[in-house]
Amino acid sequence: MARFNRQQMKSATREEIQRDAAELTVRHLAPWQQARGAVMVRPTWETEKVYRPHQANFARDCARDSKTELFLLAVANMAGQETFYEAAVARDIRFSQLVRQHALLDPEWTVGLLRWLRDAGGMRAASLVGAAVFAHARQAEGLHGYSREAVSAVLQRPDEPGEFMRHWISRYGRKLPMPVKRGVADAVRRLYTGRALLKYDTPSAAFRFGDVLELTHPSPDPERPWQAAVFRYALDRRHHPARAMPPADSELLVAHHALMSMPVASRRAVVAFPDAASVLAAAGMTWESLAGWLHGPMDAAAWEAVIPSMGAMALVRNLRNFDQAGISEAAVATVARRLSDPAEVARSRQFPFRFLSAHRHADAARWGAALEAALGHSLGNVPALPGKTLILIDRSDSMFWATEGQTELTRADAAALFGTALAVRSETADLVEFGTGSRRVDPDPQDSLLTTVGRFTECGGTNTAFAVKQHYKGHDRVVIITDEQAFGAPKDVLAPIPNDVPVYTWNLVGYAQGHTSGPRRYALGGLSDAAFRLIPLIEAGDTARWPWGCGDGDRVHV
């Protein structure tokens with residue numbers, strides 16, 4: 001089993017910071033630069049009655065240029081989610097207004113943002129909504145170019161053309177502008193395969209593959225001669241499922257059709273075959289589809305047959321199901337080996353929360369060592385932070401009573417893990433727990449992540465101001481993870497920290513009052529795996545360093 005080496009991680013972190021600093025391009029963009037042929041649009045406050053922030057960090061005298069505002073909102077915003085300072089609808093309105101503005105002023109920059117947001121940023125909902133707003137804005141103004149590119153760029157998974165079409169039609173109606181049709185069609189040619197059809201073209205989907213094909217009329221990719229037959233099969237599955245026949249030259253679709261055509265009473269015997277794993281893999285059966293196909297519980301034989309085809313996170317989510325079904329020790333060893341494989345963990349792109357939550361709820365004797373190794377390896381997915389970072393973790397009583405998000409961890413545990421992971425991945429960090437008092441809990445190079453998290457304690461009340469005053473010593477940034485329910489707080493809790501030093505406060509609850517206000521004071525709601533990405537992204541936006549090329553030499557051609 002591959003063990004996690006913290007010293008190697010620290011060395012890799014320093015190298016990553018140096019490499020990123022050397023490669024980052026600084027671009028200073030005028031806030032109201034007008035694109036050629038575009039209509040000048042300045043921000044308005046027409047929706048101020050919809051959202052009126054409590055704190056000054058959204059006030060007009062602290063306003064950012066609009067590109068930076070859009071970038072920071074995009075990377076920190078999950079569509080439809082409430083935050084401490086703004087209702088979900090208000091943030092969505094503000095996001096749409098900013099995308100619309102720059103779709104007209106600087107479409108090249110905005111296409112770059114949307115593409116990057118979907119690829120490196122991993123923000124699916126924001127990028128899809130943004131592309132729809134972009135295309136609609138340019139159509140409304142009669143502007144040509146860029147829309148097809150924007151739509152195609154954000155559609156990266158086979159179910160996303162259908163998701164995009166559902167959003168467009170619900171928001172703008174069934175009339176599809178030609179650039180939208182062509183952008184979706186470009187994505188369809190790229191994404192629609194036989195395996196994608198089996199995984200994503202399910203009856204529960206709002207828009208089936210056949211619906212997308214009928215609305216956008218894509219011609220098959222000439223370099224994929226089999227694609228025309230897959231398109232026909234998708235249409236038959238949509239309109240004539242009982243008599244739809246797979247293309248004869250597709251071994252995958254033929255094998256899947258044969259399995260689906262078997263009598264239900266005969267299916268359980270298939271998973272008991274010695275080569276059941278190969279049979280299921282050849283037919284593209286996922287564990288979800290297998291459970292439905294069997295029309296009954298997933299027993300040990302069923303799990304052992306599909307485990308070789310499951311990804312790392314599917315394995316993590318089903319550890320308790322494996323135990324309940326009683327899979328063999330050989331199967332346990334296979335799962336444990338994959339979970340502790342650094343390459344497997346890196347490929348899963350999962351952050352530490354997932355593994356810690358699984359560790360807390362799985363059989364420690366069976367899965368503990370593998371999950372601890374996976375937890376350590378997953379730090380490679382946490383961005384490295386340059387300079388010196390102060391990380392303050394609220395361990396007051398109120399942080400222990402409820403769970404955080406979908407992780408099944410207490411807010412105190414989620415905060416401790418988040419802070420420890422940031423500390424390990426920082427060039428230099430001071431990790432502090434606070435409540436009524438405070439103390440440092442800096443990671444030991446010889447400790448595992450779990451050992452460090454286990455050293456946190458309960459600290460009574462919440463004296464944030466005292467912790468800030470005691471521990472801020474010229475750090476380059478400050479991270480505070482708290483419910484902001486401080487007692488006896490002065491007017492400005494963050495007064496010891498200079499205004500040019502960024503402070504990131506994760507408010508885990510969203511109460512009515514908080515302590516974050518002013519420029520470079522960021523209030524973020526909740527913790528999730530996406531939270532790990534935000535600090536370097538926000539700091540890139542703060543200095544107008546866009547992580548994608550957008551100069552004349554990189555002009556997007558449509």
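Quick note: residue numbers are just sequence positions, from 1.
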* Structure fact -> Applying side chain to side chain contact (heavy atoms under 4.5 Å, CB included) to A312 and not counting sequence neighbours gives E344, S348
* Judged by atom type as modelled, is there a donor-acceptor pair below 3.5 Å linking the side chain of T334 to the main-chain atoms of A330? -> yes
* Are F134 and P107 close enough that some pair of their side-chain heavy atoms sits under 4.5 Å apart? -> yes
* Could you grab the distance from atom CG of L294 to atom CG of D299, nearest 0.5 Å is fine? => 7.5 Å
* Steps toward side chain to side chain donor-acceptor pair (under 3.5 Å) verdict (Q101, S66) -> CA-CA 9 Å; Q101 173 185 326; S66 55; 2.9 Å; yes
* **Residues that R232 engages under salt bridge (Lys or Arg N to Asp or Glu O under 4.0 Å), provided they are two or more places apart** => none
* Asked: Heavy-atom count around E251 CD within 6.0 Å, excluding the residue itself: above 12?
  -> no
* How many angstroms lie between CD1 in I169 and CG in L176, if you round to the nearest 0.5 Å? -> 5.5 Å
* Asked: Is a donor on one side and an acceptor on the other found under 3.5 Å between the side chain of E304 and the backbone of A331?
  -> no
* Heavy atoms only: give me the nearest L155-L191 pair and the separation to one decimal. => O-CD1, 3.6 Å
* Structure fact -> Minimal heavy-atom distance between P536 and P383, with the atoms involved, is CG-CB, 3.5 Å
* To do: Show your reasoning for whether side chain to side chain contact (heavy atoms under 4.5 Å, CB included) applies to D211 and R238.
  => CA-CA 8 Å; D211 297 325; R238 179 67 179 91; 2.9 Å; yes
* Asked: Pairs in or reaching into residues 240-250: which pass salt bridge (Lys or Arg N to Asp or Glu O under 4.0 Å), with residues at least two apart or in two chains?
  -> none
* Kindly state each residue pair satisfying ring pair (Phe, Tyr, Trp, His ring centres under 6.0 Å) with at least one member in residues 242-270, sequence neighbours excluded. => none
* Pairing residues for A314 by the side chain to side chain contact (heavy atoms under 4.5 Å, CB included) criterion, not counting sequence neighbours -> W287, M310
* To do: Can you measure from OG (S309) to CG (L290) and round to the nearest 0.5 angstrom?
  => 9.5 Å
* To do: For S266, check side chain to side chain contact (heavy atoms under 4.5 Å, CB included) against everything at least two apart and list the hits.
  => M262, P263
* To do: Measure from the side-chain N and O atoms of S152 to the backbone N and O of E149, and report whether any donor-acceptor pair falls under 3.5 Å.
  => no
* Structure fact -> The complete set of salt bridge (Lys or Arg N to Asp or Glu O under 4.0 Å) pairs with one or both residues in residues 179-202, sequence neighbours excluded, reads R148-D186, D186-R189, D201-R208, D201-R237
* Could you note down all residue pairs passing salt bridge (Lys or Arg N to Asp or Glu O under 4.0 Å) where residues 218-228 supplies at least one of them, sequence neighbours left out? => none
* Side-chain heavy-atom pair P218, L213 within 4.5 angstrom cut-off -> yes
* Taking all non-hydrogen atoms of both residues into account, name the closest pair between L253 and G194 and its distance. => CD2-O, 3.6 Å
* Test log, rule side chain to side chain contact (heavy atoms under 4.5 Å, CB included), inputs V184 and V188 -> CA-CA 6 Å; V184 174; V188 164; 4.2 Å; yes
Taking only distance into account, with no hydrogens and no angle test, what donor-acceptor pairs under 3.5 Å do side-chain atoms of residues 118-131 form with protein atoms, sequence neighbours excluded?
unit_1, atom_1, unit_2, atom_2, d
R118, NE, E160, OE1, 3.4
R118, NE, E160, OE2, 3.2
R118, NH2, E160, OE2, 2.6
R124, NE, E160, OE2, 2.6
R124, NH2, E160, OE2, 3.3
R124, NH2, E163, OE1, 3.1
R124, NH2, E163, OE2, 3.2
S127, OG, M123, O, 2.8
S127, OG, R124, O, 2.9

* Asked: Would D323 and W367 count as a side chain to side chain contact (heavy atoms under 4.5 Å, CB included) if you check the C-alpha gap in whole Å, the side-chain angles of each, and the deciding distance to 0.1 Å?
  -> CA-CA 10 Å; D323 290 342; W367 307 113; 3.1 Å; yes
* Is it true that D363 and R320 have a side-chain N and a carboxylate O under 4.0 angstrom from each other? -> no
* **Residue pairs passing the ring pair (Phe, Tyr, Trp, His ring centres under 6.0 Å) test where at least one lies in residues 187-244, sequence neighbours excluded** => Y192-F209
* Nearest-0.5 Å distance, CE of residue M285 to CG of residue L252 -> 11.0 Å
* Structure fact -> Minimal heavy-atom distance between I327 and R366, with the atoms involved, is O-NH1, 4.4 Å
* Could you note down all residue pairs passing ring pair (Phe, Tyr, Trp, His ring centres under 6.0 Å) where residues 313-345 supplies at least one of them, sequence neighbours left out? => W303-F322
* Distance (rounded to the nearest 0.5 Å) between D341 CG and R338 CZ -> 9.0 Å
* Polar side-chain atom of D275 near backbone of S278 as donor-acceptor pair, under 3.5 Å -> no
* Asked: How about V180 and H136: do any of their side-chain heavy atoms sit closer than 4.5 Å?
  -> no
* Could you tell me whether the side chain of F355 reaches within less than 4.5 Å of the side chain of V345, counting heavy atoms only? => yes
* **Over all atoms of both residues, closest heavy-atom pair of V254 and P247** => CG2-O, 3.4 Å
* **salt bridge (Lys or Arg N to Asp or Glu O under 4.0 Å) partners of R171, counting only residues at least two apart** => none
* May I ask you to test the L319-L339 pair for a side-chain heavy-atom distance under 4.5 Å? => yes
* Do V270 and W293 have side chains that get closer than 4.5 Å, going by heavy atoms? -> yes
* Asked: When you look at K67 and L70, which way does the side chain to side chain contact (heavy atoms under 4.5 Å, CB included) test go after all the steps?
  -> CA-CA 5 Å; K67 283 184 177 175; L70 172 55; 5.8 Å; no
* Closest heavy-atom pair and its distance - A132, H167 -> CB-CD2, 3.6 Å
* **Spatial distance of atom OG (S170) from atom CE (M165) [nearest 0.5 Å]** => 11.0 Å
* **Pairwise side-chain contact, L104 with R138, heavy-atom cut-off 4.5 Å (strictly under)** => yes
